[in-house]
Amino acid sequence: MKKRKDRLRIDIILIVSVMILLVTFFAYMLDTPLEEVLEEERGSGVIITHTESADEK
């Protein structure tokens, strides 16, 4: 019977830790714009956005 209680506690700990990980990940993703992260990682001149050159042809 003791083995069953230990397994249940490990399962609960894993589920709670995954939920905490997901909550913090989504909170970070909602709070941080992609442009800000790219600028920090690669510099401000590297970000390339859509151009209208395809429509001009």
Side-chain angles (χ1 to χ4, degrees):
M1 198 69 168
K2 185 176 181 187
K3 195 172 190 179
R4 172 83 173 141
K5 287 183 180 180
D6 290 343
R7 176 172 286 267
L8 181 64
R9 289 181 185 155
I10 291 173
D11 292 345
I12 291 173
I13 290 171
L14 286 174
I15 291 170
V16 169
S17 61
V18 167
M19 288 176 61
I20 291 171
L21 180 72
L22 287 174
V23 167
T24 55
F25 173 74
F26 284 117
Y28 173 77
M29 292 302 286
L30 289 173
D31 238 13
T32 309
L34 177 62
E35 290 82 10
E36 181 181 317
V37 174
L38 289 175
E39 188 173 322
E40 287 177 7
E41 292 292 323
R42 300 182 179 175
S44 61
V46 179
I47 299 173
I48 299 172
T49 59
H50 285 81
T51 61
E52 300 297 325
S53 62
D55 293 336
E56 293 172 0
K57 291 181 181 179

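Positions are given from 1 along the sequence.
- Judged by distance alone, with hydrogens and angles left aside, the side-chain atoms of Thr24 form a donor-acceptor pair with the main-chain N or O of Leu21 at under 3.5 Å.
- In the hydrophobic clustering (ILVMFWY side chains linked at under 4.5 Å, chained through shared members), Met19 is joined by Ile15.
- In terms of the side-chain contact (heavy atoms from CB on, under 4.5 Å) criterion, residue partners of Phe26 (sequence neighbours excluded) are, by chain and number, Leu22.
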